[in-house]
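Note on naming: letters A, B, ... go to the chains in the order of the sequence lines (proteins, then strands), and numbering restarts at 1 for each one. Predicted model only: the values in this text are computed from it and were never measured.
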Amino acid sequence: MTTRFHPASSPDFVPAPQLRELQSQRLRAVVRRVYDQTKLYRNRINEAGLRPESIESIDDIAQLPFTVKSDLRDTYPFGLFASPMDEIVRLHASSGTTGKPIVVAYNRHDVEIWAEVIERALVSFGLHEGDILQNSYGYGLFTGGLGLHYGGERLGATVIPTSGGNTDRQIMIMKDFGVSAICCTPSYFLHILDRAAEIGVDLRSLPLRAGIFGAEPWTDAMRQHIEQAADIKAYDIYGLTEIIGPGVGAECHCQNGIHIFEDHFYPEIIDPNTGQPLPDGETGELVLTTLSKQAMPILRFRTRDVTSLVSEPCPCGRTIRRIHRISHRTDDMIIIRGCNVFPSQIETALLEVEGALPHYQIILTRSRGLDQMEVQIEVNAQILSDRIGAMEELQARFAKQIEHIIGLHVVVTLAEPRTLPRSEGKLRRVMDQRNL
Amino acid sequence: MKIHQVSVFVENKPGRLLAPCETLAKAGINIITLSLADTHQYGILRMIVPDWQQAKEVLERAGFVVNVAEVLAIEVPDHPGGLADVLRAIEQAGINVEYMYAFSERLNDKAMLVFRFESADAAVAALAGCNLKLVSNITPAGKKIT
């Protein structure tokens, strides 16, 4: 399959030397800007024994200090702003499950960049003017809603700002308005699929052809399930509030890695333990630097997302590099009895047994010094039998498959439908009750 | 011949059994007979109702996950050895009885039992030669079972 060249995506096809020159030029400017405008970066750069002019090209980036999430909390609310307040046209904030949220700022130039990268993402998903885009990301402080909204309008798509929630209405709109693409979290789309089946709507019979999913990690197995159940292409969009929101990177029609819009967001992979840069192809923590944002530039932000950079050219022809899809985060790793376990592994096991992903939750407890992992699975129509024996057998198969993948014995329990916590934004899969 | 049994999943917690019963009650659906299979963590409430499709719809609309299985309702002569005759015929045909339970009311001076066999069709065939009545449309309350 080939996609028509869309002018909005031209920065994605710039020859590498030209791209590096642009990156170097932008890096010099952003270092100068944060040095002059923010106390935190001025101090950090001084402490590193650098001067802003020591950074001459993009190759010097590894000399710069890291930024971590707590830096944004410590400077709450406006401490990292590098533009005067009267130039700032938008604020967003992260949900902040513990303590203060983090606040991010955009000036006019930044909201333009944001709409541009989202437009480029939508083009790479094969969307164009005339598409009808249902935006089921939450509108509000969360960056997902407004981010996709303005990018969609810039592309010329018809954007329907449904926001999250009221799933029956979402399905009605999808059907009645002839929606061709939807964006939301992958877990919310699974919820839409479940609900549609319950009320007798087959998404496969609708014009919907693309799903744009992000804001939480999702597996290839989940993608296969979604693509089959809805007869759509499911694309990954990557981003994070600290950098700009969604639109840091996006898959192309090859669905083999996420192209980072690296003319605006420079990616590096580091060893999360030593902080040392790793060569392309090696797996480590993704670090991102905003090259062009003005109101709140961020140097070398440690994303906690674990991935690797792909240096091989993509068949789509884009010259901007790809990262592999995010399989997990350095901080969603569960350490149990000395083993590292990721929720994505549990998900893979559940999918292998059922062929469809049931709703689940992982609960960690500690009893007499020993860690226990319980996987609670919501009973759905495929799981429910009238025979206890069949139910117990299924529980045993789930437990065996999980043990096969993670190497640990887990307790599999069954829960009533709709009793496990759901979120129309990001989903909390792990409940750690160990009081570590 | 065969009738449809409607099952729902309930967690083994106080009050959980009430919810499906109340849902059916509000819709005016009478439970003709039921049985609860339980483990320490959860139970499966199996019910025979006059209109299984309506019950399924009402329960699903209320958020329950519903399983429908084909079972046989067999009139068993209410005298010593009555049940043994039924089971003998089934055993001779090599059919496994998954579970069984009784109707709460007697019918025509006979006991009526609900059987869940591995295969309802095989059981129907095995019982064909016996002088047993498979109930498919008469209920104790005079309602139709579908």
Side-chain angles (χ1 to χ4, degrees), chain A residues 165-168 171-172 190-202 350 354 356-361 363 365 372-399 410-422, chain B residues 2-20 23 33-49 52-53 55-72 96-101 114-120:
Chain A
N166 199 343
T167 308
D168 286 10
I171 295 166
M172 181 195 79
L190 288 180
H191 181 63
I192 291 178
L193 273 172
D194 282 356
R195 186 61 197 155
E198 275 171 21
I199 60 177
V201 175
D202 185 353
L350 297 180
E354 262 298 286
L357 188 65
H359 212 72
Y360 72 97
Q361 188 178 23
I363 297 169
T365 52
Q372 303 283 353
M373 184 189 286
E374 178 184 335
V375 178
Q376 283 193 343
I377 299 170
E378 255 183 31
V379 168
N380 59 28
Q382 286 100 57
I383 292 174
L384 181 64
S385 164
D386 61 315
R387 295 179 300 124
I388 289 278
M391 302 279 280
E392 287 178 337
E393 192 191 306
L394 188 63
Q395 277 175 282
R397 273 165 58 213
F398 279 130
V410 299
V411 177
V412 172
T413 54
L414 301 177
E416 281 179 26
R418 291 160 210 279
T419 48
L420 298 185
R422 277 181 167 70
Chain B
K2 294 174 282 185
I3 58 171
H4 291 92
Q5 167 192 266
V6 172
S7 305
V8 294
F9 177 90
V10 281
E11 279 180 47
N12 202 343
K13 285 180 190 162
R16 299 315 303 150
L17 203 49
L18 177 63
T23 300
T33 189
L34 56 81
S35 113
L36 180 70
D38 66 303
T39 70
H40 71 284
Q41 197 231 327
Y42 58 85
I44 300 167
L45 179 66
R46 307 146 171 164
M47 295 167 285
I48 303 294
V49 291
W52 68 272
Q53 279 156 319
K56 179 174 188 281
E57 205 186 301
V58 163
L59 287 164
E60 282 178 348
R61 215 180 306 134
F64 292 95
V65 171
V66 178
N67 169 280
V68 176
E70 287 183 337
V71 294
L72 299 187
N96 193 28
V97 180
E98 304 277 2
Y99 55 80
M100 53 181 273
Y101 54 96
V114 176
F115 282 85
R116 170 68 152 98
F117 296 107
E118 236 177 317
S119 157

Worksheet item: Pick from A:Gly389, A:Ala381, A:Ser385: which one has the most heavy-atom pairs with chain B under 4.5 Å?
Response: A:Ser385
Item to complete: Please report the C-alpha distance between B:Trp52 and B:Ile3 in whole Å, then the side-chain angles of each, then the deciding distance to 0.1 Å, and finally whether the side chain to side chain contact (heavy atoms under 4.5 Å, CB included) criterion is met.
Response: CA-CA 9 Å; B:Trp52 68 272; B:Ile3 58 171; over 6 Å; no
Item to complete: Could you verify whether a donor N or O on one side chain and an acceptor N or O on the other, from A:Thr413 and A:Glu374, lie under 3.5 Å apart?
Response: yes
Worksheet, complete the sentence: Shortest non-hydrogen pair, B:Ser7 vs A:Asp386, comes out as OG-CB, 3.4 Å
Worksheet entry | B:Phe9 versus chain A, the contacting section by heavy-atom distance below 4.5 Å | both
Discussion item. At a 4.5 Å cut-off on heavy atoms, which part of B:Gln41 comes close to chain A: side chain, backbone, both, or neither?
Written reply: side chain
Worksheet entry | Contact class of A:Gln395 relative to chain B, heavy atoms under 4.5 angstrom | side chain
Worksheet item: Under a 4.5 Å heavy-atom cut-off, does chain A meet the side chain of B:Arg116, its backbone, both or neither?
Response: side chain
Discussion item. If you define the side chain from C-beta out and look only at heavy atoms, does anything of B:Asn67 sit under 4.5 Å from B:Val65?
Written reply: no
Discussion item. Less than 4.5 Å apart, side chain to side chain, heavy atoms only: is that true for B:Tyr101 and B:Ile48?
Written reply: yes
Worksheet entry | Heavy-atom proximity to chain A below 4.5 Å, by part of B:Val66 | backbone
